[in-house]
Every structure is written in structure tokens, then in C-alpha cells.
There are 2 protein chains.
Amino acid sequence: MDAPRIESTLVSVDVLALRFDPATRAVLLGVAPRALDPFAGELALPGVLLGRGERLRDATRRAVTGKLGVAEEAMTATGQLATFDEPSRDPRGPTLSIALWATVDPAHLGGAGPTWVPLTAVPPLAFDHDRIVADCRPLLADRLWRDTAFTSGLLGREFTTAQALDVTEVLTGDRPYPANLGRTMDRIPGLERTEQHAASLPKGGRPPLVWRWVS
Amino acid sequence: MDAPRIESTLVSVDVLALRFDPATRAVLLGVAPRALDPFAGELALPGVLLGRGERLRDATRRAVTGKLGVAEEAMTATGQLATFDEPSRDPRGPTLSIALWATVDPAHLGGAGPTWVPLTAVPPLAFDHDRIVADCRPLLADRLWRDTAFTSGLLGREFTTAQALDVTEVLTGDRPYPANLGRTMDRIPGLERTEQHAASLPKGGRPPLVWRWVS
DNA sequence: ACAAAAGTGTTGACTTTACACCCATGA
DNA sequence: TCATGGGTGTAAAGTCAACACTTTTGT
């Protein structure tokens, strides 16, 4: 807090960019092959060095647009997860890593395809990113249905019960009964069940309800 | 994550150093008057600039021993809370602040007295430290009885039901029934009720049970 | 004995979980 | 009309809050 006596730390922002894919019923994590020296060519979380005076949210945006090639408008929400301070995590030297989540709306995805891998089957990543993903998974699960920014960012403004079931299953590890999840969602302020039903599924079956965020 | 294009951010570590005082039945926050230029003389959370390659826990230790004059052995546990990134929070320039908690054992307190203020009545602090304390309060309350390192650090290796009631009241805002808190504690792994009873209270009344951490 | 404060047992309300049954759709 | 899968209602199980009552101390 006083005069810097030693050279200050580098701070990187590493992002868990998430989107839900209704077709494969999976939550996908955005990763990109590294362009430069350490771990060049290997997959890694999108990350940037935090600029002086830069806000975490802006750095997150920079990482997702720059490294993943996702359009700015596609980013729906962001938030903090945790900080990783292992000095050896970057071979170039000690670097603090602040992990954040960001949700991406598949509808506004540009053409250039970043690599999206299922959150349930993340391949080995560069640096300590495997550990970051592993440590942050329970934090993400905890946010679902309790942090509305996160939940609505992931599911979009409108979604069906079936999609809600899928997302919950991926993040928490088990699939709730549809009835019970419906009651959970009924208790969430700003979320309402509509009269609409989604287009029915290829295999038949009753078409699911559509839910919508209002606030 | 690549070559630094802009000057990197300064990172400070600001600590919510907490101890429980059975005599006044209060949770106390350690603060210290600032020695140097910005806000000199005003009270502030103990904080230091994070050194290059320094671990957060070490910086926390440095802040608590250096700024509060608390002995190294008195620090019982530490943990992360949140990161504050408002660029204008430090008049000297943009500085990231990582807030952490640390628990201090009153038994090992040195002679030199830092300022301990009740967590329920924190005076105005320098920088944005008022905001940090306000934002972190619910995070602390959430950790009680769920994070054993935090809880045992705050209450010590042995404590009475009465003290547990007091700490819970300060952090959560209302005082549970002794019976119900006892049942909550029964469910915590590593915590056991002993056969001992504490010395009785000045005003009379039944002496409370002693609880002890085992693991 | 009385007041104070902690501990015990129990009850009712509420929440969570589970499941049997009903409905809507494609094949 | 059958298989598929979501929706409804409900009942059992579990959790939580409240309180009457008992126990142990100081005065």
C-alpha cells in the first residue's frame, strides 16, 4: 500500500467463457490454441495481461473478443471466480491469475469458430489452466439459479425446461426431476413461465414450457 | 497472457484481520493509522503491495505483522474474499486490491497494541476500505460454520457455546437459540462437545459447554 | 430461594425429494 | 396407439425454528 519496494506482480485475467448448446445439450467452454511462445499451439483459456488501470470486466471482454474471436455483443455477462497465486504457474515468471466467468450468446456468434469443448470433457490445457477449470467448476455450479446474471447469461433470455434440466445436470452432476426444477424456477424473481411451448423434439414427446426473464 | 503491451497494474493486498474478544463479546477488526502520504494518520485496513512472485498468504502475513504489529504465530488462518478493481480507489493511481481475511489468536498477541475496532461499528477508513468491509461482511458471515479454517481460527481450538452464540450474532445479525446452534455444531466434522464446562459467568447462570476441534 | 443463562426434548412449519400419474407430440 | 419425454399432484422424508421445561451456577 506504500512505496513499492519490489517490482510489482504481473496480473493476468483468465476467462472461463461458457455457452450452452441446445443441440448437443452441453455446456461448452471456449478455448484457443496459444499463438506465442510458452505452450505455443496448445489449447488454453483466453487470457490477457491486465493493463494499468484497466477494469477486470474490460480485460475479460478483451480476452474473449481477442483470443476467441467472439463478437463484443455476444458477451452477455461476466463475474469473478477466484485468484490463483502459484508463482510457478507461468514459466516466464510469477504471474497472478484472476479467473472470471463470461457467458456467450450462441445467437450472436461470429463466423470464425473458436474451439468450444464440453465442460464435462476438457482436454489438457496450457499453464495451470486445468487446475483453474477444476477449482472453478464447483463455484460455477454454486452460481446456477442463485446468480441471475450468470444463469440468464448462460441460458439466454428465453429457454425451455428441457434446457434448464440439461444445464443443471452438466454443472451440478445430477439431473433434477422436471417438476422440482420447475418449482425452483418459480421461486426466482424475474423469471416467469410463459404460455408458449417450444417446438417439439425430433423424437416426439411433450413440447417443453418456455421460460422468460422479465426484469 | 502474451508480451506486456502496457504497464502492468499494481496489486495491493488488504486484510480483514479478525479476532474474537470473549470479554466484550465482540468480533474485532484490526486497523492501523497510515504512516505515509495518502490518508496519512487515518485508519485503514492493513495492506501491502504484493511483491513479484509473492504468495497471497505471505503478503497477508506481511501486512498483519508489519502494519498491525501482530506476532507471526498469532495468525491462525487466512483466505480469499474478493477483488476490487475500481481504478480511482487509490489517489496515487490505479491499484487492484485483493481482499483477504486473517484470523488472529488473542492469546499470542504481542504487547504493542494495534487498534481493534468492533466489526459492528467500524469507523470511517481510508481509501475505499469502508466499501471493502461492507462488501466482505456477507462473505464472512457465509463462511462461519461452513469453512472450518475460518471458524476455528476465529474461535480458537477450544470455545464455549456462549462464545459461539456471540460470534454468530455479530456476523449474521441475529442470535440463534443455543439448542439449535448446538445441533448445528454437532453436524460439523472435526468439532466435538467435551465433558468440560467453562468457568461460570460473573452474573451467575449455568456454565456453558466447551467444544473442541479434533482434526 | 431466586435470577440468570445454558442445555434437552418436542412440536409444527417449511423445504426437499421422490414418484405415480397425466398430457402432448412424432412415428 | 405406442414410445418418448415434459407437466401435475401428492406424499414421505428431512430440515429448521420456536418454545416449554429442566439443570446449574452466583447472589
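Every value quoted in this text rests on a predicted model; they were computed, and no experiment measured them. Below, read A as the first sequence line, B as the second, and so on, with proteins coming before strands; counting in each chain starts at 1. Both backbone and side-chain heavy atoms feed into the values below; hydrogens, waters and symmetry mates do not.
- One finds the CD atom of B:E42 at 11.0 Å from the NE2 atom of B:H129 (value rounded to the nearest 0.5 Å).
- For B:Q196 and D:dT24, the CD to P distance is 17 Å, given to the nearest whole Å.
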>> As a quick check of understanding, evaluate side-chain contact (heavy atoms from CB on, under 4.5 Å) for B:L171 and B:L119, giving each step before the final call.
In response: CA-CA 8 Å; B:L171 288 185; B:L119 192 58; 3.6 Å; yes
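- Between the CG atom of B:L28 and the CZ atom of B:F20 there is a distance of 9.0 Å, given to the nearest 0.5 Å.
- For the side-chain hydrogen bond (donor to acceptor under 3.5 Å, both in side chains) condition, the pairs that include at least one residue of residues 181-192 of chain A, sequence neighbours left out, are A:N180-A:R183, A:D186-A:R193.
- Here B:R25 does not pair with B:D21 in a salt bridge; the nearest charged N to carboxylate O distance is not below 4.0 Å.
- Atoms CZ (A:R25) and P (D:dT4) sit 14 Å apart, rounded to a whole Å.
- In this structure, the side chain to side chain contact (heavy atoms under 4.5 Å, CB included) partners of B:T194, at least two apart in sequence or on a different chain, are B:Q196, B:V210, B:R212.
- As a whole-Å value, the separation of A:R193 CZ from D:dG6 P is 14 Å.
- Under a 4.0 Å N-O distance rule, the pair A:R89/A:D14 qualifies as a salt bridge.
- Within a heavy-atom distance below 4.0 Å of DNA chain C, no residue of residues 138-147 of chain B is found.
- Under the 30°/60° scheme for interplanar angles, the aromatic rings of A:F150 and A:W101 are found to stand perpendicular.
- Between A:D186 atom CG and D:dG9 atom C1' there is a gap of 14 Å when expressed in whole angstrom units.
- Within 6.0 Å of CZ on A:R143 lie more than 12 heavy atoms contributed by other residues, nucleotides or ligands.
- Annotation: the span from B:D90 atom CG to B:L96 atom CG amounts to 11.5 Å, rounded to 0.5 Å.
- Ion pair B:R62/B:D58 not flagged as a salt bridge, since none of the NZ, NE, NH1 or NH2 atoms sits closer than 4.0 Å to an Asp/Glu carboxylate oxygen.
- Remark: the B:T103 side chain and the B:T76 side chain contain an N/O donor-acceptor pair separated by less than 3.5 Å.
- Electrostatic pairing of A:R157 and A:D105 does not count as a salt bridge here, judged by no charged N lying under 4.0 Å from a carboxylate O.
- Rounding to whole angstrom units, CG of residue B:L181 and P of C:dA6 are separated by 11 Å.
- Atom C1' of nucleotide C:dA4 and atom CG of B:L165 are separated by 15 Å, given to the nearest angstrom.
- If you measure from atom CZ of B:R175 to atom P of C:dG7, you get 11 Å, rounded to the nearest angstrom.
- Relative to the axis of its first five pairs, the axis of the last five pairs of the helix from C:dA1-D:dT27 to C:dA27-D:dT1 sits at 0°, rounded to 10 degrees.
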Nucleotide N/O of nucleotides 16-18 of chain D paired with protein N/O under 3.5 Å:
{"unit_1": "D:dC16", "atom_1": "OP2", "unit_2": "B:R187", "atom_2": "NH2", "d": "3.3"}
{"unit_1": "D:dA18", "atom_1": "N7", "unit_2": "B:N180", "atom_2": "ND2", "d": "3.2"}
{"unit_1": "D:dA18", "atom_1": "N6", "unit_2": "B:N180", "atom_2": "OD1", "d": "3.3"}
{"unit_1": "D:dA18", "atom_1": "N6", "unit_2": "B:R183", "atom_2": "NH2", "d": "3.1"}

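- In this structure, A:T160 does not reach the D:dG6 phosphate: none of its side-chain N or O atoms is under 4.0 Å from OP1 or OP2.
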For nucleotides 21-24 of chain C, which of its nitrogen or oxygen atoms have a protein nitrogen or oxygen under 3.5 Å away, and what is each distance?
{"unit_1": "C:dA24", "atom_1": "N3", "unit_2": "A:R206", "atom_2": "N", "d": "3.4"}

